[in-house]
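Following: one structure in structure tokens, then a few remarks.
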Amino acid sequence: MNCPKCGADIDAHTSNCPKCGNPIIRIKPMRVCTNCGSDVPDEADKCPGCGRTIKRRKHQTAGGFGSTNTSGAGGFSTSDASGTGAFDGGVHNAKGTVGGFTAELKKERYAWLQAIVPGMLALAYHWLVLRDNMEFNLANTFLIFEALVFIFGYMDIKDLEKRPEMMGGLVYSNRFVYMTYFLPILSLWERKQLPGMNRRAMYPLVHIVLVTILVFSVMISMNSVGTEMRSVI
């Protein structure tokens with residue numbers, strides 16, 4: 001290789017040009033995770049964003065996934081002609097998928113809790129209590145919902161601040177923080193676009209479905225209360 005300043009030939013492992021003293025800066029090649037879109041260092045075994053195991057193609061490894069192939073060709077190899085190796089490979093891929101989902105669920109636990117728990121508990125409270133006590137204030141259903149949203153949102157923001165890719169909270173705005181506290185139906189979609197996040201995460205969609213069911217349930221109950229009041233009058 002040549003020095004970018006003086007053009008002199010330099011050794012591939014030197015840190016300074018022996019002729020002009022110019023420092024040689026090398027940039028390690030980066031790859032992009034197909035699951036979350038995060039940059040992955042070439043020597044990494046797992047994605048720093050979503051934690052999934054890196055699967056390299058056969059031309060990216062010396063031995064083709066570390067397998068032994070007696071035919072001398074790289075890539076996948078089977079242990080016999082019956083296709084046992086292909087079966088083992090499928091089992092390995094299935095385990096990898098489950099492990100990746102478990103790792104993502106653990107990493108994004110507060111986002112998933114905020115997406116599911118408030119809606120589920122508010123629905124349970126609404127149908128188990130308010131349905132049999134129509135005169136009770138329906139606003140309590142949404143108070144329960146918002147209280148749980150705030151708690152899990154607060155815990156999620158504190159967790160995000162600890163992640164190095166979030167730079168202590170500099171990569172997201174105060175608007176995002178407030179939406180996380182009070183309006184996750186919007187913030188969860190924006191959360192997926194933050195550095196290191198899984199762009200295909202399903203927690204925003206799950207949250208929207210539960211909120212929609214909750215709103216329709218409350219509307220049905222309010223209509224029932226109105227009908228009952230008119231029949232009394």
Side-chain angles (χ1 to χ4, degrees), residues 33 35-38 47 49-52 97-163 165-166 169 171-230:
C33 176
N35 180 58
C36 69
S38 299
C47 172
C50 62
R52 291 199 174 185
T97 302
V98 174
F101 178 76
T102 303
E104 179 187 343
L105 196 63
K106 183 178 179 180
K107 180 181 178 183
E108 311 300 341
R109 57 190 179 278
Y110 296 123
W112 278 104
L113 286 171
Q114 189 184 45
I116 296 175
V117 174
M120 292 294 291
L121 290 184
L123 275 171
Y125 178 80
H126 177 74
W127 286 109
L128 294 178
V129 178
L130 296 186
R131 192 179 182 188
D132 297 328
N133 299 275
M134 290 298 184
E135 296 181 359
F136 200 80
N137 189 358
L138 292 174
N140 284 327
T141 299
F142 287 103
L143 288 176
I144 292 174
F145 177 82
E146 282 298 331
L148 293 172
V149 160
F150 178 83
I151 292 172
F152 291 124
Y154 177 82
M155 296 169 72
D156 189 35
I157 291 297
K158 291 300 181 183
D159 181 62
L160 291 178
E161 289 177 351
K162 299 176 183 177
R163 302 186 186 183
E165 63 267 26
M166 299 301 169
V171 299
Y172 49 80
S173 62
N174 290 332
R175 169 179 164 275
F176 169 76
V177 175
Y178 294 138
M179 285 197 307
T180 302
Y181 290 161
F182 304 108
L183 204 60
I185 200 169
L186 297 179
S187 67
L188 289 175
W189 290 101
E190 187 173 332
R191 187 184 190 278
K192 292 202 307 179
Q193 307 306 317
L194 295 176
M197 295 299 177
N198 182 5
R199 305 297 193 267
R200 295 182 293 179
M202 296 297 293
Y203 46 77
L205 184 60
V206 172
H207 183 69
I208 287 179
V209 171
L210 290 174
V211 169
T212 302
I213 296 174
L214 177 62
V215 170
F216 274 102
S217 298
V218 171
M219 290 174 63
I220 292 172
S221 298
M222 292 178 67
N223 184 61
S224 301
V225 171
T227 303
E228 183 177 331
M229 291 179 65
R230 285 194 296 271

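None of these values were measured; they are calculated from a predicted model. Each residue takes its place number in the sequence, starting with 1.
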Checklist entry - With no hydrogens and no angle check, is any side-chain donor or acceptor of Arg109 less than 3.5 Å from a backbone partner on Lys106? => result yes
Checklist entry - Can you find a heavy atom in the side chain of His126 that is under 4.5 Å from one in the side chain of Ile144? => result no
Can you list, pair by pair, the side-chain donor-acceptor contacts under 3.5 Å of residues 202-212, counting residues two or more places apart and other chains?
unit_1, atom_1, unit_2, atom_2, d
Tyr203, OH, Arg191, NH1, 2.9
His207, ND1, Ala115, O, 3.2
Thr212, OG1, Ile208, O, 2.7

Checklist entry - Would you say the side-chain atoms of Glu165 pair up with the backbone N or O of Val171, donor to acceptor, closer than 3.5 Å? => result no
Item to check | Heavy-atom closest contact (Leu113 atom, Pro118 atom, distance) | outcome: O-CD, 3.2 Å
Checklist entry - Does the side chain of Glu108 reach to within under 4.5 Å of the side chain of Met197, using non-hydrogen atoms? => result yes
Item to check | Smallest separation among heavy atoms of Leu121 and Leu148, with atom names | outcome: CD1-CD1, 3.6 Å
Checklist entry - Rounded to the nearest 0.5 Å, how far apart are CH2 of Trp127 and OG1 of Thr141? => result 10.5 Å
Item to check | Set of side-chain contact (heavy atoms from CB on, under 4.5 Å) partners for Glu161, sequence neighbours left out | outcome: Ile157, Lys158, Tyr172
Next on the checklist: Among residues at least two apart in sequence or on other chains, which ones pass ring pair (Phe, Tyr, Trp, His ring centres under 6.0 Å) with Phe182?
Outcome noted: Phe150
Item to check | More than 12 heavy atoms of other groups within 6.0 Å of Tyr154 OH | outcome: no
Checklist outcome for this item: By side-chain contact (heavy atoms from CB on, under 4.5 Å), Arg175 pairs with (sequence neighbours left out) Ser173, Met179, Glu190
Checklist entry - Which pair of heavy atoms, one from Phe176 and one from Ser187, lies closest together, and at what distance? => result CE1-O, 3.5 Å
Checklist entry - What salt bridge (charged side-chain N to carboxylate O under 4.0 Å, His left out) pairs are there with at least one residue in residues 202-211, not counting sequence neighbours? => result none
Item to check | Closest heavy-atom pair and its distance - Leu194, Met166 | outcome: CB-CE, 3.8 Å
Item to check | Results of salt bridge (Lys or Arg N to Asp or Glu O under 4.0 Å) for Arg200 - residues two or more places apart only | outcome: none
Item to check | Derivation of the side-chain contact (heavy atoms from CB on, under 4.5 Å) call for Tyr125 and Asn140 | outcome: CA-CA 9 Å; Tyr125 178 80; Asn140 284 327; 4.2 Å; yes
Checklist entry - Say you draw a straight line from OH of Tyr181 to CD of Glu146; how long is it, rounded to the nearest 0.5 Å? => result 14.0 Å
Checklist entry - Between atom OH of Tyr110 and atom CD1 of Ile151, what is the distance when rounded to the nearest 0.5 Å? => result 12.5 Å
